[in-house]
Amino acid sequence: MATTTYQVQGMTCGHCANSVSSEVGAIPGVSDVQVDLASGQVTVTSSSPLDTDTVRAAVDEAGYDLVGA
């Protein structure tokens with residue numbers, strides 16, 4: 001298992017968190033996504049390390065910006 005925390009910009013509410021969680025959770029191998037709105041951190045647990053570009057594309061699809069990993 002791999003756990004990585006990403007910094008996402010632009011999330012302000014529960015709907016934002018759900019959108020990001022749904023898109024990132026759809027990445028193959030992802031087993032859990034935890035979103036902390038206050039800090040903008042998204043912690044992802046997966047079966048193996050994820051490619052940052054794959055996570056960035058999922059966050060972009062949700063309408064937000066991945067600003068750090």
Side-chain angles (χ1 to χ4, degrees):
M1 293 301 251
T3 302
T4 308
T5 301
Y6 300 93
Q7 190 69 38
V8 176
Q9 189 174 36
M11 297 184 301
T12 58
C13 65
H15 179 264
C16 300
N18 288 339
S19 295
V20 170
S21 184
S22 293
E23 290 294 337
V24 174
I27 297 170
V30 171
S31 58
D32 187 50
V33 180
Q34 297 293 321
V35 177
D36 182 342
L37 277 177
S39 67
Q41 293 185 332
V42 178
T43 302
V44 181
T45 303
S46 55
S47 56
S48 61
L50 298 174
D51 180 65
T52 303
D53 288 338
T54 302
V55 177
R56 179 172 283 113
V59 171
D60 285 348
E61 184 66 29
Y64 305 96
D65 296 315
L66 180 68
V67 293

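Side-chain atoms of Q7 never come within 3.5 Å of backbone atoms of V42 as a donor-acceptor pair (strictly under, hydrogens ignored). S31 places a side-chain N or O within 3.5 Å of a backbone atom of T45 that can act as its donor or acceptor partner. Remark: side-chain polar atoms of S21 are not paired, donor with acceptor, to backbone N or O of A17 under 3.5 angstrom.
Taking 4.5 Å as the limit, some side-chain heavy atom of L50 sits within range of a side-chain heavy atom of V44. For the pair I27/V55, a side-chain contact is recorded, criterion being any heavy-atom separation below 4.5 Å from C-beta on. Considering only heavy atoms from C-beta on, V20 comes within 4.5 Å of V24 through its side chain. Looking at L66 and D60, their side chains never come closer than 4.5 Å, going by heavy atoms from C-beta outward.
Side-chain atoms of D36 and Q34 form no donor-acceptor pair, as typed in the model, at a separation below 3.5 Å.
When every heavy atom of S46 is checked against every heavy atom of S48, the shortest pair comes out as OG-O, 2.6 Å. Residues P49 and A2 share a closest heavy-atom pair of N-CB, 3.7 Å. The two residues G10 and C16 make their nearest non-hydrogen contact at O-SG, 4.4 Å.
For the atom pair T52 OG1 and Y6 OH, the distance stands at 5.0 Å (nearest 0.5 Å).
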### Task
Might you work through the side-chain contact (heavy atoms from CB on, under 4.5 Å) test for V35 and M11, ending with a clear yes or no?
CA-CA 10 Å; V35 177; M11 297 184 301; 3.7 Å; yes
